[in-house]
Asker: 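Handing you this structure, nothing more for now.
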Amino acid sequence: MASSLARPETEGPRSPSPATWRGAPIVGALADLRKDQLGTLERMAELGSPVSFRILNKRLHLLSDPDQIDRALVGNVRAYDKRTVGYDHLRTVVGNGLLTSEGGFWRRQRRIAQPAFKRPRIEGFAAIMTESAEDMVESWRDGEVVDILREMMRVTMRIAGLSLLSRDVSAAADEVGEALTTAIEHVSYRTETPWAPPDWVPTPRNRQFRAALATLDRVVADILRARRAGQTEQGDLLDILMTATDPETGEGMSDEQLRDEVMTIFLAGHETTAVALAWTFDLLGRHPDVAARLREEVDGALGGRAPTIDDLPRLPYAEKVLYESMRLYPPAWMVERSAAVDHEIAGHPIRRGDWVLISPWVTHRRADIWPDPSRFDPERFGPESREKARPRYAYFPFGGGQRKCIGDRFALVEARLILAAVVQRASLEATREHPPAPDPLVTLRPGGGTPMRVALRR
């Protein structure tokens with residue numbers, strides 16, 4: 001079995017000798033990664049692809065070559081699973097939902113959820129997206145400073161609640177947002193700190209995490225309880241999940257399964273889009289020429305009325321801006337896999353149990369693919385750019401292969417409508433001289449807050 005699975009991997013160019021990041025005695029690359037995770041990964045990639053390194057007694061391999069990534073995510077997908085420490089800790093928050101489940105169980109859950117993300121459904125959600133964005137801008141005052149990440153978290157949480165769960169969670173947005181932040185910070189800390197006490201040890205950090213998890217569980221339980229008490233179907237994702245049955249056993253989802261999927265919606269259904277928009281608005285605030293061109297496009301396309309899904313083809317520059325923002329700051333900045341079998345990548349041996357890391361952050365910044373990679377340039381995208389000449393996995397903000405994000409189309413429609421609705425009615429100015437430092441948690445959040453000054457457009 002191992003040899004047949006390995007065959008696609010040996011088709012790529014063979015490395016003359018495996019690249020290795022030496023690291024420190026005993027801990028390997030752990031100290032480097034804890035000090036500067038993103039910078040260390042970039043420096044690793046300069047040695048080649050794959051590049052091997054060690055964390056304690058675990059062997060890891062970083063892929064940054066698009067063709068190798070293609071073979072790992074698509075051509076040789078059966079050679080990998082999600083048995084990594086990062087996913088193990090993430091399961092303490094989202095359980096066994098779509099993001100973390102595997103095998104036949106994952107395929108069943110994916111088939112059940114897929115109809116909620118078909119184009120007709122997404123088109124039906126567009127009005128909720130626009131109205132939520134306009135209500136957010138309506139709450140702003142001219143000249144005030146807002147934390148744009150917090151604002152984006154609130155609006156995308158409201159959209160996820162109304163469109164996927166038919167529940168306005170705005171009243172609990174701050175509480176849920178703080179609990180999610182605590183939870184994902186804890187997951188990142190546990191992933192990066194092998195010697196940390198187990199979650200059951202009553203340290204202050206662990207008690208804070210358990211309290212955050214209890215908050216999230218309570219909110220999800222309230223949503224499920226309210227839905228079961230109602231008599232009418234809403235036609236949303238929650239209905240699909242609650243009424244689905246296994247074709248072989250006839251059994252529906254257990255309460256635990258429903259909890260895990262709803263929790264995954266809370267995390268993946270709003271967090272990544274909010275993070276992408278926060279980075280986008282910060283970039284626009286620091287590049288007034290790009291912001292001016294975007295305002296001109298939005299004004300010309302909309303003529304003062306609210307954006308609809310039918311307007312999106314008339315907003316190509318808005319799409320380019322969003323794509324370039326996600327190139328520089330991909331919200332899902334790391335993909336982890338564990339090797340299920342022995343195989344090779346470009347002549348480089350990967351042993352069963354090794355971890356393979358694939359980072360959009362690293363590949364999106366390769367100078368041989370993206371000239372002057374740190375520059376914000378929306379013209380990298382679109383029919384007139386070199387986009388078609390780039391390898392397929394030179395750009396993959398939503399992952400790839402069969403595990404590509406199920407909500408990618410939902411997120412792209414949502415982000416463009418929010419972007420257009422905000423740009424139409426307000427300008428946002430960065431209040432800090434330097435851009436936020438990227439904080440590589442479960443998602444790539446802008447660290448230290450994102451204060452921006454509002455200038456309402458008359």
Side-chain angles (χ1 to χ4, degrees), residues 81-117 156-157 160-161 163-167 169 172 175-177 179-188 190-191 199-200 209-228 234 236-249 251-273 332 335-336 338 399 402-408 410-411 441-443:
D81 56 40
K82 289 191 169 185
R83 297 174 186 174
T84 68
V85 68
Y87 279 112
D88 286 345
H89 290 307
L90 187 57
R91 288 184 185 97
T92 63
V93 179
V94 300
N96 206 29
L98 272 176
L99 186 62
T100 52
S101 58
E102 297 193 80
F105 180 82
W106 169 80
R107 285 189 287 273
R108 173 180 177 269
Q109 298 296 90
R110 176 101 179 191
R111 285 194 301 269
I112 290 171
Q114 191 70 58
F117 297 95
T156 56
M157 187 180 295
S163 56
L164 301 178
L165 307 173
S166 298
R167 174 78 173 260
V169 296
E175 182 183 30
V176 172
L180 276 174
T181 296
T182 297
I184 66 172
E185 287 178 348
H186 182 82
V187 167
S188 298
R190 288 299 313 276
T191 300
D199 288 341
W200 55 265
F209 170 64
R210 304 308 300 183
L213 203 56
T215 296
L216 296 174
D217 283 334
R218 173 176 52 79
V219 172
V220 171
D222 287 346
I223 291 172
L224 295 177
R225 190 181 304 113
R227 178 58 59 88
R228 285 199 171 97
Q234 303 292 332
D236 56 13
L237 176 59
L238 187 54
D239 267 351
I240 293 172
L241 296 175
M242 293 183 74
T243 59
T245 57
D246 189 312
E248 295 183 4
T249 66
E251 296 179 353
M253 285 193 192
S254 66
D255 285 351
E256 182 179 6
Q257 288 173 292
L258 285 170
R259 177 265 181 208
D260 292 349
E261 296 301 351
V262 173
M263 193 72 79
T264 299
I265 291 168
F266 265 130
L267 179 62
H270 90 284
E271 166 91 15
T272 52
T273 307
V335 176
E336 298 178 357
S338 178
Q402 65 179 16
R403 298 303 297 252
K404 185 179 181 182
C405 175
I406 191 174
D408 58 341
F410 181 101
L441 302 171
V442 176
T443 57

Asker: Judged by atom type as modelled, is there a donor-acceptor pair below 3.5 Å linking the side chain of Thr92 to the main-chain atoms of His89?
Answerer: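 Answer holds: yes.
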Asker: Rounded to the nearest 0.5 Å, what's the gap from CG on Asp260 to CG on Leu99? Could you check?
Answerer: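 Between atom CG of Asp260 and atom CG of Leu99 there are 11.5 Å.
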Asker: Give a yes or no answer on whether the side chain of Ser188 reaches the backbone of Val442 with a donor-acceptor pair at less than 3.5 Å.
Answerer: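 Present.
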Asker: Could you walk me through whether Leu216 and Val219 satisfy the side-chain contact (heavy atoms from CB on, under 4.5 Å) test, starting with their C-alpha distance in whole Å, then the side-chain angles of each, then the deciding distance to 0.1 Å, before giving a yes or no?
Answerer: CA-CA 5 Å; Leu216 296 174; Val219 172; 5.9 Å; no
Asker: Could you pull out the closest heavy-atom pair between Val187 and Gly86, with the gap in Å?
Answerer: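 Closest approach of Val187 to Gly86: CG1-O, 4.3 Å.
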Asker: When rounded to the nearest 0.5 angstrom, what is the spacing between CZ in Arg259 and CG in Asp217?
Answerer: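 Answer rounded to 0.5 Å: 4.5 Å.
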Asker: Are Leu238 and Val262 close enough, and set up right, to give a side-chain contact (heavy atoms from CB on, under 4.5 Å), and what steps lead you there?
Answerer: CA-CA 8 Å; Leu238 187 54; Val262 173; 3.9 Å; yes
Asker: Closest heavy-atom contact between Thr84 and Ser338?
Answerer: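 Shortest heavy-atom contact: CG2-N, 3.9 Å.
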Asker: Do Asp199 and His186 come within less than 4.5 Å of each other through their side chains, counting heavy atoms only?
Answerer: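 The answer is yes; the side chains approach within 4.5 Å.
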Asker: Quick one: CG on Leu98 to CD1 on Ile265, what's the gap to the nearest 0.5 Å?
Answerer: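 Leu98 CG to Ile265 CD1: 8.5 Å, rounded to 0.5 Å.
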Asker: Taking atom OG of Ser101 and atom CD of Glu261, what is their separation to the nearest 0.5 Å?
Answerer: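 Going from the OG atom of Ser101 to the CD atom of Glu261 covers 6.5 Å.
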Asker: Mind telling me whether Phe410 and Phe117 have parallel, tilted or perpendicular rings, with 30° and 60° as the class edges?
Answerer: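 Judged by the thresholds at 30° and 60°, the geometry between Phe117 and Phe410 is perpendicular.
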Asker: Side chain of Arg227, backbone of Leu165: donor and acceptor closer than 3.5 Å?
Answerer: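 Side chain of Arg227 to backbone of Leu165: a pair is present.
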Asker: Could you measure the distance from the CG atom of Leu180 to the CE atom of Met157? Nearest 0.5 Å is fine.
Answerer: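 If we round to the nearest 0.5 Å, Leu180:CG and Met157:CE are 5.5 Å apart.
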Asker: If I take atom CZ from residue Arg403 and atom NZ from residue Lys82, how far apart are they, to the nearest 0.5 angstrom?
Answerer: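 NZ of Lys82 is found 3.5 Å from CZ of Arg403.
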Asker: Yes or no on side-chain contact (heavy atoms from CB on, under 4.5 Å) for Thr191 and Val85, after CA distance, side-chain angles and deciding distance?
Answerer: CA-CA 6 Å; Thr191 300; Val85 68; 4.0 Å; yes
Asker: What do the steps show when you test Leu241 against Gln257 for side-chain contact (heavy atoms from CB on, under 4.5 Å), and what is the final call?
Answerer: CA-CA 9 Å; Leu241 296 175; Gln257 288 173 292; over 6 Å; no
Asker: Does Ala172 offer a backbone N or O that forms a donor-acceptor pair with the side chain of Glu175 under 3.5 Å?
Answerer: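 Side chain of Glu175 to backbone of Ala172, a donor-acceptor pair under 3.5 Å: no, none is there.
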Asker: Could you tell me whether a side-chain N or O of Arg91 sits under 3.5 Å from a main-chain N or O of Thr100, the two making a donor and an acceptor?
Answerer: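 Checking the backbone N and O of Thr100 against the side chain of Arg91, a donor-acceptor pair under 3.5 Å is found.
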Asker: For residues Gly97 and Thr264, report the shortest heavy-atom separation together with the two atoms involved.
Answerer: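 Shortest heavy-atom separation between Gly97 and Thr264 comes out as CA-OG1, 3.6 Å.
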Asker: Evaluate the salt bridge (Lys or Arg N to Asp or Glu O under 4.0 Å) criterion for residues Arg190 and Asp88: first the C-alpha distance (whole Å), next the side-chain angles of each, then the deciding distance (0.1 Å), finally the verdict.
Answerer: CA-CA 10 Å; Arg190 288 299 313 276; Asp88 286 345; over 6 Å; no
